[in-house]
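Predicted model, so just to flag it, every value in this text is computed and none were measured. The first residue in the sequence is number 1, and the count goes up from there.
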Amino acid sequence: MPADARDLDVAAELFEQSRRRLFGIAYRMLGSVADAEDILQEVWIRWQTTDRHGVLEPAAFLATIATRLSINALQSARVRRETYIGPWLPEPVNTEDDPALGAERGEALQYAVLLLLEKLTPTERAAYVLREALDYPYDRIAEVVQCTPTTARQLVSRARKHLASERRAQVATTDQRRLLEAFLTAAQRGDTEQLEKLFAADVVSYSDGNGVKLAARIPVAGALRVAKFVAAFSSHFWTGKSIDWVEVNGQPAVTLSEDGVVTTALTLTASEDGIRRLLWIMSPDKLQHVTIGEG
């Protein structure tokens, strides 16, 4: 085998060894499997054309490229989302096979955190992901996002402050499942009173459908309003659909399928006060990775 071919084989092997981690970075940054895969493709192209003999730590080098590309992609993605029909939610990913999704820890995977990360600047988001999910030291974060270690520490600190109140409010996974089970029972019965009891006062229901039929185009807020909203479609929404339990983004969820096709993924966030968010993902483009453990 020619030397160039052997060199490319080695490069491909090194890339594959880092692929899951690179996907985990890009997904946490962008909340989209397709966008994360685009980042990986671009990383691979750049890796092929890099003078690899001068790269001492290939995994760190590849992670740096993926993070910087994700920062740029997030800026343009937010512009594209301005034309999205209705609420935009991160794409759900099945995490049963890989609970940490390629990282050291499963941080920045649950919906409550991903939604809050949307409020950060791209650089703050990158610093948080590198620190909390990959356990990067601040000097390395500084190299990746091109700032000083002091600034990197400040970026992570600001991100943590944004997330602190929400993270304290989260309930255990077992309680999440119990609440989702109770919600499904009451929702299928159209039991407004029982639904209202399950909700926190400031509950919000978000439906991500990008214009698909039956998906609400504006969030519904308030315990009584959400209870009436859910009860109103109980007579037809659940008919003919099979409900299956899955784990998406490290938390309990269900899929609703019709004729073998997943039409909805439903999960929630909750506090001690009850269900705080109902998250209905109904956009067909976002339902491809809820029942398989692949990125």
Side-chain angles (χ1 to χ4, degrees), residues 15-46 62-63 65-81 83-103 105-118 120 122 125-126 128-130 133-134 206-212 215 244 246-257 261-267 279-295:
F15 179 81
E16 283 303 315
Q17 289 171 1
S18 293
R19 192 182 193 283
R20 193 61 178 166
R21 169 170 284 202
L22 300 177
F23 177 84
I25 294 171
Y27 172 77
R28 285 169 170 83
M29 286 292 295
L30 301 168
S32 161
V33 172
D35 289 347
E37 290 289 359
D38 286 346
I39 294 294
L40 262 63
Q41 183 65 26
E42 182 62 27
V43 172
W44 168 238
I45 291 170
R46 296 195 181 197
L62 292 167
I65 298 175
T67 305
R68 290 178 181 171
L69 288 171
S70 295
I71 289 172
N72 294 335
L74 183 57
Q75 291 166 337
S76 58
R78 286 178 171 173
V79 174
R80 292 200 310 272
R81 289 172 197 166
T83 61
Y84 200 81
I85 302 172
W88 182 94
L89 295 174
E91 180 177 351
V93 178
N94 188 298
T95 48
E96 290 176 18
D97 293 339
D98 184 2
L101 197 63
R105 298 190 290 265
E107 296 302 303
L109 265 185
Q110 292 195 358
Y111 265 90
V113 180
L114 282 171
L115 290 169
L116 282 172
L117 289 180
E118 287 292 309
L120 304 181
R125 186 165 182 163
Y128 180 86
V129 167
L130 293 174
L134 279 78
Y206 296 94
S207 303
D208 180 331
N210 198 20
V212 76
D244 296 291
V246 293
E247 179 190 291
V248 297
N249 297 70
Q251 61 192 90
V254 292
T255 58
L256 278 59
S257 303
V261 177
V262 176
T263 58
T264 304
L266 170 64
T267 189
L279 304 165
W280 310 79
I281 298 93
M282 303 173 71
S283 173
D285 291 340
K286 293 187 177 181
L287 294 171
Q288 300 175 45
H289 301 93
V290 295
T291 57
I292 57 175
E294 298 178 0

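Taking the side chain as every heavy atom from C-beta outward, R125 and L114 approach each other to under 4.5 Å. Under the 4.5 Å side-chain criterion, counting only non-hydrogen atoms from C-beta, L134 is in contact with R21. Put simply, the side chain of V129 does not reach to within 4.5 Å of the side chain of Y27, judged on heavy atoms. Contact annotation: the side chain of T291 approaches that of T255 to within less than 4.5 Å [non-hydrogen atoms, C-beta and beyond].
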* Please walk me through it: do W280 and L89 pass side chain to side chain contact (heavy atoms under 4.5 Å, CB included)? -> CA-CA 9 Å; W280 310 79; L89 295 174; over 6 Å; no

* Could you walk me through whether M282 and L266 pass the side chain to side chain contact (heavy atoms under 4.5 Å, CB included) test, one step at a time? => CA-CA 9 Å; M282 303 173 71; L266 170 64; over 6 Å; no

* Asked: Can you check side chain to side chain contact (heavy atoms under 4.5 Å, CB included) on E42 and I45, steps first, answer last?
  -> CA-CA 5 Å; E42 182 62 27; I45 291 170; 4.2 Å; yes

* Determine, stepwise, if the pair R28 / L109 fulfils side chain to side chain contact (heavy atoms under 4.5 Å, CB included). => CA-CA 7 Å; R28 285 169 170 83; L109 265 185; 3.6 Å; yes

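Although no hydrogens or angles enter the test, the distance criterion places no donor-acceptor pair under 3.5 Å between the side chain of Q110 and the main chain of Q251. In terms of modelled atom types and a separation under 3.5 Å, the side chain of T95 and the main chain of G250 share a donor-acceptor contact. A donor-acceptor pair is defined here as one N or O able to donate and one able to accept, closer than 3.5 Å; such a pair exists between the side chain of T263 and the backbone of L256.
Across L22 and A66, no two heavy atoms sit closer than the pair CD2-CB, 4.0 Å. Summarising the geometry of P87 relative to Y206, their closest heavy-atom pair is CB-CD2, 4.2 Å, with the distance given to 0.1 Å. Between I39 and A73, the closest heavy-atom pair is CD1-CB, 4.0 Å. The two atoms that bring I25 and A63 nearest to each other are CD1-CB, 3.8 Å, heavy atoms only. Of all heavy-atom pairs spanning A36 and L30, the tightest one is N-CD1, 4.3 Å. Listed here is the closest heavy atom pair of T267 and P252: OG1-O, 2.9 Å.
Atoms CD1 and OG1, from I281 and T264 in turn, are 9.0 Å apart once rounded to the nearest 0.5 Å. Put simply, CG on L69 and CD on Q41 are 12.0 Å apart, with the number rounded to the nearest 0.5 Å. Residue S32 holds its OG atom at 11.0 Å from CG of L74, rounded to the nearest 0.5 Å. Atom CG of D97 sits about 9.5 Å away from atom CD of E247, to the nearest 0.5 Å.
Applying side chain to side chain contact (heavy atoms under 4.5 Å, CB included) to V290 and the options N249, V262, N94, V93 leaves one that passes, V262. Exactly one of H289, K286, Q288 qualifies for a side-chain hydrogen bond (donor to acceptor under 3.5 Å, both in side chains) with E91. That residue is H289.
Among residues two or more places apart in sequence or in another chain, the salt bridge (charged side-chain N to carboxylate O under 4.0 Å, His left out) test is passed with R81 by E118. For R78, there are no side-chain hydrogen bond (donor to acceptor under 3.5 Å, both in side chains) partners, not counting sequence neighbours.
Ionic pairing of R80 and D35 is present here: one or more N-O contacts between side-chain nitrogen and carboxylate oxygen are shorter than 4.0 angstrom.
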